[in-house]
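Structure record follows, encoded as structure tokens.
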Amino acid sequence: MKVTKSVLRATVVVAMGTIAGVVWAQDSTDANMDDRELLTTVSDHWRIHLLHDMREGLFVQVQEILQANADGDMATVEALATERGKAHFAKMDPDMMAELPMGMKGMGKAMHLAFDDVATAARETGDPAKVAGAVSDLMLACTACHVTYKLNP
């Protein structure tokens, strides 16, 4: 499934509408939530796991993809992106997934499918500009989730 810019933008619009409704309905003095994030409570084990995976896995891998793209190394771009695409679903722990809100799971799925789009751009076009565009779309998925959700400390 190809994740298009319009799908990612629609996800952001829906997420922002949800946030607006929650913020409107909630006391604005709530110290646990700023005006843009839904507070998401998961166990400490999964919070640490998710943060580590984002910081030490996803961010690092996106940087490596960008570097390989700048070097014109499409084989490395494809391999790195494929590793984080839908193939990554098999590595996800069902217990962790059970703790995440449905919206967060949907945004995560869109992000992983966007990694597949990066791999496809590298494999099928070999064009660094097309790959950069696919990475930009991928970052829309990341941004949508980070604008919407905050893991409870």
Side-chain angles (χ1 to χ4, degrees), residues 1-69 76-123 131-153:
M1 174 178 150
K2 181 165 175 54
V3 179
T4 64
K5 282 184 186 179
S6 59
V7 169
L8 291 172
R9 286 188 178 124
T11 301
V12 171
V13 168
V14 169
M16 295 309 291
T18 301
I19 292 167
V22 169
V23 170
W24 175 80
Q26 181 171 339
D27 180 0
S28 63
T29 62
D30 184 352
N32 292 323
M33 182 174 169
D34 69 20
D35 65 353
R36 66 177 181 86
E37 297 170 324
L38 296 174
L39 193 59
T40 302
T41 302
V42 296
S43 66
D44 284 343
H45 172 78
W46 293 121
R47 183 179 62 80
I48 291 165
H49 172 83
L50 286 166
L51 292 173
H52 180 268
D53 188 50
M54 284 184 274
R55 293 171 179 158
E56 304 298 323
L58 293 168
F59 290 149
V60 170
Q61 207 141 8
V62 168
Q63 187 283 322
E64 291 171 345
I65 287 168
L66 291 170
Q67 185 60 57
N69 189 51
T76 298
V77 169
E78 181 182 3
L80 290 168
T82 298
E83 181 181 321
R84 284 292 175 165
K86 65 184 168 210
H88 194 75
F89 293 160
K91 297 178 182 178
M92 292 180 188
D93 189 292
D95 292 335
M96 177 192 70
M97 295 304 289
E99 289 193 34
L100 299 177
M102 190 59 70
M104 186 181 239
K105 287 186 244 190
M107 290 180 182
K109 181 177 181 181
M111 182 262 308
H112 286 288
L113 293 175
F115 269 104
D116 284 332
D117 292 342
V118 172
T120 299
R123 180 179 60 257
V131 171
V135 172
S136 178
D137 292 346
L138 162 65
M139 295 309 297
L140 283 173
C142 297
T143 301
C145 194
H146 282 267
V147 165
T148 307
Y149 293 100
K150 179 177 181 177
L151 294 175
N152 193 12

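This one's a predicted model, so the numbers in the text were calculated from it and none came from an experiment.
- A search for ring-ring contact (aromatic ring centres under 6.0 Å, His included) contacts involving H45 returns nothing, not counting sequence neighbours.
- Between atom CG of residue L151 and atom CG of residue L100 there is a gap of 8.0 Å, rounded to the nearest 0.5 Å.
- Using a 4.5 Å heavy-atom cutoff, the side chains of M139 and C142 are in contact.
- Considering all non-hydrogen atoms of both residues, V131 and A121 come closest at CG2-C, 3.9 Å.
- If you take CD1 on I65 and CD on Q67, they are separated by 12.0 Å, rounding to the nearest 0.5 Å.
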Return all side-chain donor-acceptor pairs below 3.5 angstrom for residues 55-63, not counting sequence neighbours, or 'none' if the list is empty.
residue : atom : partner : partner atom : Å
Q61     : OE1  : R84     : NE           : 2.9
Q61     : NE2  : L80     : O            : 3.2

Walk me through it: do N69 and V135 pass the test side chain to side chain contact (heavy atoms under 4.5 Å, CB included)?
-> CA-CA 10 Å; N69 189 51; V135 172; over 6 Å; no
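- For the pair E99 (side chain) and S43 (backbone), a donor-acceptor distance under 3.5 Å is present.
- Here H49 contributes atom NE2 and M92 contributes atom CE; the two are 8.5 Å apart, rounded to the nearest 0.5 Å.
- Nearest heavy-atom pair across V77 and A68 is CG2-CB, 3.6 Å.
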Hey, mind stepping through K109 and K86 against side chain to side chain contact (heavy atoms under 4.5 Å, CB included) and telling me if it holds?
-> CA-CA 8 Å; K109 181 177 181 181; K86 65 184 168 210; over 6 Å; no
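- Looking at heavy atoms from C-beta onward, L138 lies in side-chain contact with F115 at the 4.5 angstrom threshold.
- Every residue meeting the ring-ring contact (aromatic ring centres under 6.0 Å, His included) condition with H112, not counting sequence neighbours, appears here in chain and number order: H88, F89.
- Rounding to the nearest 0.5 Å places CE of M107 at 11.5 Å from CG of L140.
- To the nearest 0.5 Å, the span separating NZ on K150 from OG1 on T41 amounts to 11.5 Å.
- With rounding to the nearest 0.5 angstrom, the SG atom of C145 is 7.0 Å from the CE atom of M54.
- A donor-acceptor distance shorter than 3.5 angstrom exists from the side chain of Y149 to the backbone of M104, with no hydrogens or angles considered.
- Listed for the S136 side chain is no donor-acceptor partner under 3.5 Å among the backbone atoms of A132.
- Using modelled atom types, no side-chain atom of D117 and backbone atom of A134 make a donor-acceptor pair closer than 3.5 Å.
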